[in-house]
Amino acid sequence: MREKLKCDRTKPRCQQCVARKVQCNYSLKLKWGGRPYKDKNKVINIPANTRLVDGILVAKHGHASSNGVTARKTKKFVLVNEKVAAKNNSSVKSLLVSSGKQLVPLAGPQVLDLGLEPTLESEFLPETQPEQDKSPSSGILVRQPSKKAYPKSVVHVFPSSLCSSGFDLLCNSWQYLDLFSFFINETSTLFTVCPTGPALNPYSTYLPQMAMNSPILMKSLVFFGSKHKKQLYSHEEQAGCFPLETSLSLVPEYERLTRVLMDEISLELVQKLANPQESLSEETLASLLVLTCTSIFFGDNQVKWRTHLYEAKRVVMNQLKRKLGRKKAVLHYNVMGDEHDFLGRWFTYYDVVSCLSSADFIPESEVFSRVEVDFCPLTDVQLKQAMARLDDIQFVSGMEKNVLAYLAKVSRLVFMKLKGGSSLGEKALLVDAFELDYEILNYLEKGEQQRDAIFQSEFAQDPEKLADPRIQDYKLLRVTNLIFGLTGVLLLRRRVMGMRQDSQMVKDLLRKVTNLINQDLGFGSLAEPSLAFCFFCCGCELMDPSLVSLRSIYEERLAMLGEKGVACAFRAKSVMNECWRSQKLWWDVLKENNSDICFAI
């Protein structure tokens with residue numbers, strides 16, 4: 001066979017070898033036929049110039065084809081122990097549940113763990129039920145958290161007979177299931193400072209659960225997952241290696257699917273907003289927030305993020321008016337609650353941080369559409385109790401709600417500055433800014449002192465408590481909480497007070513923030529995407545010659561975010577370099593280039 005002669009398979013020596021007087025060798029064994037992925041335990045040798053990256057066989061750039069054969073004709077390789085998920089067939093009556101190494105058909109209210117990559121094949125294996133506990137409030141079965149580790153992200157779903165077309169979309173399309181799973185297991189982790197925090201990640205639980213009953217929200221999550229996955233593959237191609245199958249066949253399919261989804265979402269969203277009842281639904285608000293996040297995440301240079309956020313703001317205000325009647329519409333910030341409270345917190349974050357991290361693109365209508373938020377601040381006693389429980393800082397946003405309340409005050413002063421000062425004049429605005437500056441710094445300092453004292457008295461002397469995995473997460477949350485708070489002070493001094501870039505107060509503040517990032521925030525930390533707006537706002541201010549040595553820290557952090565698929569990080573890095581080159585304020589650079597973008601991830 002190696003001489004390219006037909007073998008008659010005679011043993012121990014074939015007639016061709018006898019005639020040629022050579023040693024007959026049957027060591028090469030070929031296996032033909034069979035459906036792809038049929039043999040789940042099939043083991044193959046990894047071809048030369050290839051490697052496995054996250055379960056995908058990739059080839060170094062330049063080795064996808066050989067001998068003039070086009071890359072599209074490259075043989076498809078079978079991966080070792082390919083994971084299996086749901087069968088993409090319209091007749092599917094249930095999804096499959098991951099339980100160790102076995103897959104279980106879904107027969108009732110269950111927990112769907114989308115930790116597997118979907119393929120075209122599936123197998124029903126013997127039924128085993130994971131350890132579960134029934135929630136008395138909802139009747140939904142949830143996994144018991146481990147004492148040594150936090151629970152994995154899960155999605156609560158109901159039987160197919162109770163699910164609407166959001167669930168049907170997953171049953172009818174393997175692409176939807178693949179991208180929905182990708183959003184839950186990959187994309188959603190970028191929106192929280194501690195994805196493995198003490199509670200379930202709402203972006204991988206609440207949102208997917210709502211999407212099961214809402215086709216437009218399901219499409220919005222799939223749309224986000226498709227863009228993120230494509231962004232990651234594009235970065236891999238630029239880095240010199242790419243998935244053989246994905247880059248050559250699926251990336252154009254992702255692009256096509258993205259265009260189709262955007263058209264369908266836009267049409268359905270317009271129809272929902274025109275309906276008085278559906279326009280005020282939680283699913284409509286969630287879809288608008290997902291689209292806002294998508295536009296921000298990928299650095300959309302158009303006004304889509306602001307358009308979606310304004311529409312979400314209108315929905316929130318109308319919901320409050322319907323609920324409270326003629327009373328003043330006030331949004332209560334509840335850190336513990338259901339999907340409604342989560343959406344309220346998500347909207348509040350965007351409403352605050354988008355103003356702080358964007359340029360002066362404020363239409364007249366925005367002046368009259370500020371949503372009042374009651375952050376329900378904790379008393380000193382309540383705050384100390386929360387510190388002792390290690391839950392005073394939110395694991396999702398990475399800051400205390402009191403710090404977010406301070407950022408909201410900074411945002412309001414920035415907004416008033418853009419309008420031309422307060423009703424009492426420019427002097428009164430500056431007085432408010434100086435008082436707020438002192439109040440924020442004093443609160444941050446006092447809070448850190450209290451946490452140190454509680455740690456020494458409650459944890460330092462107890463080895464068992466020190467072994468609690470929450471301790472390390474809490475250290476990270478303390479760092480992010482400080483970075484958010486100090487960034488708010490920086491914006492207050494620069495955008496409201498108008499302090500010069502060479503001011504010692506500004507430079508000392510920048511050094512303090514940079515030290516926290518460089519020394520206490522691990523490189524490649526899961527908290528980095530949530531801090532994108534801090535990296536951008538602080539990095540752009542490093543214009544003074546004495547701060548040049550700090551620039552590489554911010555460039556490296558933003559580059560790392562780009563590798564994670566956060567496309568707006570590239571835009572942030574570009575604006576940052578322009579600020580350093582031109583010595584201009586970042587909001588002026590954005591406005592000169594007509595770049596209405598923000599970094600409120």
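At least one side-chain heavy atom of L190 sits under 4.5 Å from a side-chain heavy atom of V566. In this structure the side chain of T307 never reaches within 4.5 angstrom of the side chain of E311, judged on heavy atoms. Within the 4.5 Å cutoff, the side chain of I553 has no heavy atoms near those of the F523 side chain. With contacts defined as side-chain heavy-atom distances shorter than 4.5 Å, the pair W586/M576 does not qualify. Contact annotation: the side chain of L486 approaches that of L444 to within less than 4.5 Å [non-hydrogen atoms, C-beta and beyond]. Side-chain atoms of C568 and F298, non-hydrogen and from C-beta on, never get closer than 4.5 Å to each other. Put simply, the side chain of R389 reaches to within 4.5 Å of the side chain of Q385, judged on heavy atoms. In this structure the side chain of L217 never reaches within 4.5 angstrom of the side chain of M212, judged on heavy atoms.
Remark: side-chain polar atoms of N577 are paired, donor with acceptor, to backbone N or O of K573 under 3.5 angstrom. Not a single donor-acceptor pair under 3.5 Å links the side chain of S574 to the backbone N or O of F570. The backbone N or O of A527 lies less than 3.5 Å from a partner atom in the side chain of S525, making a donor-acceptor pair. Using modelled atom types, one side-chain atom of S354 and one backbone atom of Y350 make a donor-acceptor pair closer than 3.5 Å. Although no hydrogens or angles enter the test, the distance criterion places a donor-acceptor pair under 3.5 Å between the side chain of W305 and the main chain of D596. Counting only distance, with no hydrogens or angles, the side chain of N593 and the backbone of V589 share a donor-acceptor pair below 3.5 Å. No donor-acceptor distance shorter than 3.5 angstrom exists from the side chain of R345 to the backbone of S397, with no hydrogens or angles considered. Side-chain N or O atoms of T205 include one that pairs as donor or acceptor with a backbone N or O of N201 at under 3.5 Å. In terms of modelled atom types and a separation under 3.5 Å, the side chain of T487 and the main chain of C534 share no donor-acceptor contact. Of the possible donor and acceptor atoms, none in the side chain of T192 sits under 3.5 Å from a partner among the backbone N and O of S188.
With a 6.0 Å cutoff to the six-membered ring centre and a 45° limit on the axis angle, K401 does not count as a cation-pi contact of F375.
Within the 6.0 Å centre-distance limit, the rings of Y203 and W346 are counted as a close aromatic pair. Between F224 and F191, the distance separating the two ring centers is shorter than 6.0 angstrom.
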Handout entry: Test log, rule side-chain contact (heavy atoms from CB on, under 4.5 Å), inputs R306 and S358
Key = CA-CA 10 Å; R306 199 181 291 273; S358 62; 3.6 Å; yes
Practice task
Give the C-alpha distance, both sets of side-chain angles, the deciding distance and a yes or no for side-chain contact (heavy atoms from CB on, under 4.5 Å) between M399 and T480.
Solution key: CA-CA 7 Å; M399 60 179 135; T480 58; over 6 Å; no
Handout entry: Verdict with reasoning, L309 to F347, per side-chain contact (heavy atoms from CB on, under 4.5 Å)
Key = CA-CA 8 Å; L309 183 58; F347 165 77; 4.1 Å; yes
Practice task
Starting from the C-alpha separation in whole Å, work towards a yes-or-no answer on side-chain contact (heavy atoms from CB on, under 4.5 Å) for L531 and L521.
Solution key: CA-CA 11 Å; L531 294 170; L521 186 68; 3.5 Å; yes
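Minimum interatomic distance between L383 and E400 (heavy atoms only, all atoms of both residues): CD1-OE1, 3.8 Å. The two atoms that bring L356 and L407 nearest to each other are CD1-O, 4.0 Å, heavy atoms only. Nearest heavy atoms, I265 versus I216: O-CD1, 3.9 Å. Residues G522 and E528 come closest through the heavy atom pair O-OE2, 3.7 Å. Taking both residues in full, the closest heavy atoms of I597 and G299 are given as CG2-O, 4.2 Å, listed atom of the first, atom of the second, then distance. Residues L590 and A359 share a closest heavy-atom pair of CB-CB, 3.7 Å.
To the nearest 0.5 Å, atoms CG (D520) and CG (L482) are separated by 9.0 Å. Here D392 contributes atom CG and L378 contributes atom CG; the two are 8.5 Å apart, rounded to the nearest 0.5 Å. Atom CD of Q319 sits about 6.0 Å away from atom CG of L280, to the nearest 0.5 Å. Remark: K227 NZ to M262 CE distance equals 9.0 Å, nearest 0.5 Å. Rounded to the nearest 0.5 Å, atoms CG (L261) and CD (E268) are 9.5 Å apart. Rounding to the nearest 0.5 Å gives a distance of 11.0 Å between OG of S266 and CD of Q271.
Under the 30°/60° scheme for interplanar angles, the aromatic rings of H228 and F297 are found to stand perpendicular.
The existence of a salt bridge linking D178 and K229 is confirmed by a sub-4.0 Å separation between a basic side-chain nitrogen and an acidic carboxylate oxygen.
V193 pairs with exactly one of L476, V479, N481 by the side chain to side chain contact (heavy atoms under 4.5 Å, CB included) rule, that one being L476.
A donor-acceptor contact closer than 3.5 angstrom links the side chains of Y443 and N402. Side-chain contact check for S281 and T284: at least one donor-acceptor pair (N or O, by modelled atom type) lies under 3.5 Å. Defined by atom type and a distance below 3.5 Å, a donor-acceptor pair is missing between the side-chain atoms of Y554 and N518.
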